Every structure is written in C-alpha cells, then in structure tokens.
Amino acid sequence: MINITLPDGAVKQMESNSTPFDVALEISQGLARNVISANFNGTTVEVSTPLKEDGTLTLYTWENDEGKKAFWHSSSHVVAQALQELYPGIKLTIGPAIENGFYYDVDFGEHTISEKDFSTVEKRALEIARGKHNFKMREVSKADALNFYNSQNNEYKVELIENLNDGEITFCDHSTFTDLCRGGHIPNTGLIKAIKILNVAGAYWRGDENNTQLTRVYGISFPKQKQLTEYLELLEEAKKRDHRKLGKELELFTFSQKVGQGLPLWLPKGAALRERLENFLKSAQKKAGYEMVVTPHIGQKELYVTSGHYAKYGEDSFQPIHTPKEDEEFLLKPMNCPHHCEIYKNSRWSYKDLPKRYAEFGTVYRYEQSGELHGLTRVRGFTQDDAHIFCTNDQLNDEFKKVIDLTLYVLGSLGFDNFTAQVSVRDLEKPEKYIGEVENWEKAEQAIIEAAEEKGLDFVIESGEAAFYGPKLDFMIKDALGRNWQLGTIQVDYNLPERFDLTYKGSDNELHRPVMIHRAPFGSLERFVALLLEHTGGNFPLWLIPTQAMLLPVSEKYEKYAEKVLNSLENHEIRALIDNRNETVGKKIRETELKKIPFMLVVGENEEENGTIAVRRHGGEDLGNISIKDFANLISNEINSTLKSF
RNA sequence: GCCGACGUAGCUCAGGGGUAGAGCGUUUCCUUGGUAAGGAAGAGGUCACGGGUUCAAUUCCCGUCGUUGGCUCCA
C-alpha cells in the first residue's frame, strides 16, 4: 500500500501501482471522468502512470491551466501525426503547449504549407483524434532513440536526444505515431473534439537566427466544439479592440508611406489626447519635485560614445548625420539620458541639492528592424515621458519607491489594473551584452528587488531583460491579442554617472558619484495610447477623451440654440461639438454612438423653451432633460471620481 | 533582417486574362425631423510601384515598397 496526499491534505491509502485515475475514482466518478493530467511529487505524470511510492498528487482537469497544457500538448502530437501523413518526409522538431493552444515546429523540406491547407490538416487530425488512441509512454535507451531518428534523417530530434542522458529518454506512442517526449498527456486522443490550425510562421531552430528556419504551425484544440466556436468569437472581438483599427476610426493617428515606416503621424484628436496625458503627468510630476528640461533631437556622436550607446547600437541604429562643411557626425537621439547627464554637469552639486529630477517628453529615434514594426506599439520615432533622477546612494531606495508610487498612480488613473510587474535582470551567461562593473549590477539589481518588495509589489524576475546599462522594474500590459508589452519602466543605473563622471560634494567635503534612476511611467506615449485604446476599446475616461459631448439639434431650426449651449459648455470647459448636418436625429445618434462619444445632447423645441438639454449617455441610457449647469456638474463629478489627485 | 499572408474608391470589402463593383462617407436636391441608418441624383479608382509572359495583365510570373501573423531583435 502507498499513501497518496492530496492538495487539501487528505491522505488516500492506495494499492501500490495505482494510477492517478484510480485515485480520482476514489474521490468521485465525475472527477475520474474529467481528470486529464496529474502531477506527482512535483513532476508531470500521465493519468495512467502507476504510482509506486508515497507522495503528493495533484489531479488536473480542463479547468486547470495544467490540464489545458496537457490537453494542448497532446493535441500537438495528433497534429504532428496528421502533418507527417499528409507531408511524408517532413522532420518534426518540438511541439509544446503555449498560453493559448500549441505549436509544432516542422522542417517541411520540399513541402510548403499555407492557409488553404489548414482545413485538410484539421480534418485529418480530428479523424485521428476520434480513433480514441491511448497515449502510451515508454522508456527508450539512448542508442535506440538515436537509431530511430537517424533512420528518419531527423537531425533535430537527434540533437535533442544527444543532450539527454541515457535512462531519462521517453517516447510517447499513440495510434501509429511515435514522438520523443517527456510526458504530460491526456489519457486518449478521443477527448479532443475540436482542432483548429490558426496560422503558420517561420521560427528558427532553437530560437537562434543563425540556425535553419523551421515552419511553426500554431493550433488550438478543445474538449467541446462549442468552446472552439467561442474562442474564435473571442478572437474576433479582440480584433475590434485593435488599436490600429480604433486609431483609424477615431481619427487619432495615421502612418504615411511617404513619411516613412514606423513614423506615426498624430492627427488633431490624437494630439489633443496626448497633450492631455502629458499635462496629467506633468502636474503629478510637479508635485513630486520634478523639473522640466528640454533637449534637442540630435547629439554629437561623441556623446553616445561616452554613454556607450554607440558601441552597443552604432551599427544597428540610424546612421550618423554629417554636417556639410566640417564633416561632424551627429546621431538622432535613441535616449534622452546622455543629454540629461550633460544638464546635470552644468552645475556643481552638493549632497544638499540632491535628488535632482529632470523630466522631459523627449522624442527619440531607434532603428527597429522592419519586421518588428507594429502599429503604435513598436515604432521608429516615439516620445518617452522620460525623467532622470540623480541622487545619493542613501536616497536611492526612497526615490525608487516614490517612482513606483507615481507609476501606480498613472496606471491606476487610467484603469490599468491588469499589469505584471517584472524585474528585468542581466543574463548571467551573456556578460558581453552589458556594460559596467559586476558589483554595480549586483547593487542595482538588489536595490530594485528591495524597493519592489518593500512596496509589496507582486513581481516576477526575468533574466536577460535588463537594459545594457542597468536592470529595470518594468510594468507589462497585454494587448488585445494577448501579447505582452512593456509600458512603464524604472531603472537603476550606476554606469552612466561613471561614464559621464557625474559628481556631487558630500558632507565629508569629498566628491561622490550619484546614482541615476531612469524612469518613464507611460513608457512611450505611442505605446501607452495604443494599449489604452485596446484596454478601453476606445471608450476613454471622460477627462481624456477628445470629444466629451455631441450636440444634436433636432432640426436646422434649433442650430442657434445649439450654438448657445455649446458656448456655455465651453465656459464649463466641456469639450463638445455640434452635429448640424441635414440628417435625422436617429442617424446622428447612431453615428455619435459609433464614434464612442460619451454624451449626446439632443436639443429641440422643448429644450429651447426651458433652456435645457436632453442627455443620452453612450450606450443608450436616458438621463432626461437637465440644465447645462447640472450637466456640467455631472461631468465634473465623474471626472473627479476617476482622476484621483496625486 | 528571416518565413508566411495581404495591398482594388476617403473607409470596409467583393470580383477576376478582354482596362472595374457594393455598402458607408462625400457633393447637390427633396425632406425639417425627438433617441442606433428618411429619400433621390451625381462625383470619385494608373486595381501599391517596376519589370516579364500574352494579341490583351488590375487578374498569371518575378522584383521593389508598404501592411500584417510569427521568429530573431528591442537602448
């Protein structure tokens, strides 16, 4: 007999060699029907794996992330089988589950696959699934495993096996298909009722661009057909929130092939929105002791040689601009920090003067690879809400925490409650990517982790995500399609103060090195607006939205009155427009709804007589006939309740 | 940069070897209206750009540019 401990602490006495399925059966019939994966003593096991010793067992169903993972990973085997049957001779590599579904990386050799082939693959995969084949794990000797894949000329699997130890190599069989696999499958293929191939993409073998490029086939699967339909509907819904679509519809920004790729053009409404965001942050920053500075868009090459940017990115950035006569070299600025360091150096500072906090909405230019450009989230020219804090070591922790507060205030005011805090540290295996002394890096990483912990921030640590000059605390937000983007960032830097030889005089009358904090709560206005658009679906908070109210005269006869109302709304600092086109009220309402304008103010005979407006909210709520003063109060109350003071 | 897809009117999109279509928008006229599309008429396109194949290319092929899904990269 063995003792199996369940997550709730209960202990089940089971026969030796009982399986997780048996344990589930002990608990309930329903669970036994639904259990699709399990974890025993920290390792993923099959539902059919015989348990030979005492241990802790967690059972997973489709409702758990782990269960979904097993489901999707199993599905990737089924799709791989279908692909192998349809495209003989292809070489399979790896096929893991991902956040939403799974992929399989395949060397298609002579074959090609494209969208029009998907339905064939889906059909065959589903046929295989319906065969209710059991997934069976078996241990294989290294020699046998190598033989198996050498005979298929599959150098990828051979490479994978060569990096494994004899005795820990397992194959998974189902139907006529065999794959190298460490396990974690659902009991049988029959549970997979719906499979969809979503797209194909190039992906380098082992993620290295020097390796062969494979074809990555993305797919998703479900235990019920209905869930697939719902998922596809969800994707459609997400597309409606895409900032590129909304930005066009709401006339916020555009791109011009003639201006250049990745160079956004802000239209009047978008520019007004940006300005409001800037003012919002400026006023918070003023209270937090920041001073605004202004610096030019270019700087001498030497400036960036000093900062280290040139050595790191000189080749991969916009190339230097040469002056016509002196042949001096200037670079478009990729960051504002070197300029701010020079501002710091303009004066001699005492410890009593610190911290100095220099802020600038600085537009920077970076040469991003063409394949990387994406709407407003990845562009070549963008404006950072940048600031650099120069402080003493003693002030660092406190300053850093203040910046966390400011960032949380910004995100909170705009309704971003779904961010991930990420401490981005060095990749210890690639020291060549970073500048500066190891001790400084350790000090900086420690400072960030300490401050984040003291703030009670729930964060993850990501190695290899640091900037080349220092580690960062990044605030990540997902876009409509589930991709993660870095918005706000706070960075600790011991390197640039040294490179620029920044100093201050301490109480000991000696010169000391200040520490620098780079920070941008929005990150960049471009990316921030993009994510805000996707997050709100274009329904911006009232304080931010370009047009707060649309006046809709019932007919031409009431245009004069509408203008009078507009005037008085303007006096209340309400941003309103009049729709005085020769159209019916119904049509004007429909279009105002589509423009996502929060309030529709219908004015006609009744309103003119009583000096009121008939207020309809976006979405249809009728707020009745009220006075302009009441409406102004309504608006300011709503703004005050969302826009907390800092 | 790499692999795949896409590029037709201001916008959203259909079409297809014989030089183009819809809806919305826009213009003019009628209508003067009460909470999600009132009616009529008109204008608007070198079918991204450059080559090639063909009697004929917007359509097929190649290249370029741009967009896009990924990969790599991301100061």
Side-chain angles (χ1 to χ4, degrees), chain A residues 98 103 105 108 112-116 198-218 242 244-245 248-249 251 254-258 260-262 304 307-314 316-317 333-338 364-375 377-380 384 424 433-435 464-470 472 481 483 485-486 489 491 493 496 518 552-559 581-594 600-607 614-623 625:
Chain A
I98 51 176
Y103 67 76
D105 279 353
F108 271 88
T112 54
I113 181 170
S114 72
E115 225 164 288
K116 52 189 177 296
L198 295 167
N199 54 333
V200 289
Y204 302 106
W205 169 237
R206 303 207 131 183
D208 185 336
E209 61 180 323
N210 300 311
N211 288 342
T212 317
Q213 190 161 49
L214 307 166
T215 303
R216 179 167 294 179
V217 180
Y218 284 90
D242 190 312
R244 293 164 296 189
K245 178 177 149 68
K248 194 180 270 182
E249 284 170 6
E251 299 172 302
T254 189
F255 288 89
S256 145
Q257 198 168 332
K258 203 150 198 168
Q261 57 177 174
Y304 302 103
S307 70
H309 288 93
Y310 192 77
K312 279 283 161 202
Y313 296 99
D316 298 316
S317 69
K333 71 175 170 188
M335 289 188 88
N336 304 298
C337 33
V364 297
Y365 302 88
R366 299 178 185 176
Y367 174 80
E368 304 286 1
Q369 299 185 81
S370 61
E372 277 309 326
L373 300 172
H374 178 92
T377 50
R378 193 84 184 266
V379 287
R380 284 178 170 172
Q384 295 178 311
S424 302
K433 285 177 73 176
Y434 311 100
I435 59 167
E465 295 295 310
F468 77 89
Y469 51 78
K472 320 183 280 175
L481 295 173
R483 294 169 295 205
W485 296 95
Q486 174 208 308
T489 180
Q491 313 173 357
D493 181 5
L496 289 190
H518 307 238
L552 309 175
V554 168
S555 82
E556 271 170 32
K557 288 187 260 177
Y558 311 106
E559 268 177 35
R581 294 173 308 156
N582 180 12
E583 297 291 352
T584 57
V585 179
K587 179 147 185 174
K588 289 180 184 179
I589 296 231
R590 176 182 158 77
E591 293 190 2
T592 312
E593 285 283 351
L594 293 175
M600 280 144 271
L601 314 176
V602 180
V603 291
E605 196 178 349
N606 294 336
E607 290 73 22
V615 182
R616 174 197 161 107
R617 244 205 125 99
H618 175 66
E621 193 191 348
D622 186 359
L623 302 184
N625 224 307

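We name chains A, B, ... by the order of the sequence lines, and we start the count at 1 in each one. Since we're looking at a predicted model, the values are computed, not measured. Basis for what follows: all heavy atoms, side chains included, without hydrogens, waters or symmetry-related copies.
- With hydrogens and angles ignored, no donor-acceptor pair closer than 3.5 Å exists between the side chain of A:Tyr218 and the base of B:G4.
- Phosphate contact (OP1/OP2 of B:G66, side-chain N/O of A:Gln261, threshold under 4.0 Å): present.
- In terms of modelled atom types and a separation under 3.5 Å, the side chain of A:Arg380 and the main chain of A:Glu368 share a donor-acceptor contact.
- Across every strand in view, B:A22 sits in a pair with B:U12 that passes the Watson-Crick or G-U test at under 3.5 angstrom.
- Look at A:Arg616 and you'll find a side-chain N or O under 4.0 angstrom from OP1 or OP2 of B:A36.
- Contact annotation for A:Gly308: no contact, since no heavy-atom pair falls under 4.0 Å across all strands.
- You'll find that the side chain of A:Arg590 is closest to B:A36, out of B:A36, B:G33, B:C2.
- The phosphate of B:G69 (OP1 or OP2) has a side-chain N or O of A:His374 nearer than 4.0 angstrom.
- Looking only at distances, no side-chain donor or acceptor of A:Lys588 sits under 3.5 Å from a matching main-chain atom of A:Val554.
- Checking B:G69, B:C2, B:G4 against the side-chain heavy atoms of A:Gln213 singles out B:C2 as nearest.
- Listed nucleotides: B:G66, B:U32, B:G38. Nearest to the side chain of A:Gln257: B:G66.
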query: Yes or no on side chain to side chain donor-acceptor pair (under 3.5 Å) for A:Ser114 and A:Lys116, after CA distance, side-chain angles and deciding distance?
result: CA-CA 6 Å; A:Ser114 72; A:Lys116 52 189 177 296; 2.9 Å; yes
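- In terms of position along RNA chain B, the nucleotide closest to A:Arg380 lies nearer the 5' end than the nucleotide closest to the other residue of the pair A:Gly262 and A:Arg380.
- With hydrogens and angles left out, the side chain of A:Asn582 and the base of B:U31 share a donor-acceptor pair within 3.5 Å.
- Counting non-hydrogen atoms under 4.0 angstrom, A:Gly586 reaches the backbone sugars and phosphates but no base.
- Contact annotation: A:Lys248 reaches the phosphate of B:U12 (side-chain N/O to OP1 or OP2, under 4.0 Å).
- Note on A:Arg483: a side-chain N or O is less than 4.0 Å away from OP1 or OP2 of B:G70.
- Look at A:Arg244 and you won't find any side-chain N or O under 4.0 angstrom from OP1 or OP2 of B:U67.
- Judged purely by atom type and a 3.5 angstrom limit, A:Gln213 has no side-chain atom pairing as donor or acceptor with the backbone of A:Trp205.
- Contact check, A:Lys588 against B:U35: no side-chain N or O comes under 4.0 Å of OP1 or OP2.
- Listed nucleotides B:U35, B:U32, B:C74 differ in distance to A:Glu556; the shortest reach to its side chain belongs to B:U32.
- Using the six-membered ring where Trp is involved, A:His518 and A:Tyr469 have ring planes that are parallel, under 30° apart on the 30 and 60° scheme.
- The shortest distance between the side-chain N/O atoms of A:Ser114 and the OP1/OP2 oxygens of B:G4 is not below 4.0 Å.
- In this structure, of B:G70, B:G33, B:G1, it is B:G1 that holds the atom nearest to the side chain of A:Gln369.
- The side chain of A:Glu605 lies closest to B:G34, out of B:C74, B:C73, B:G34.
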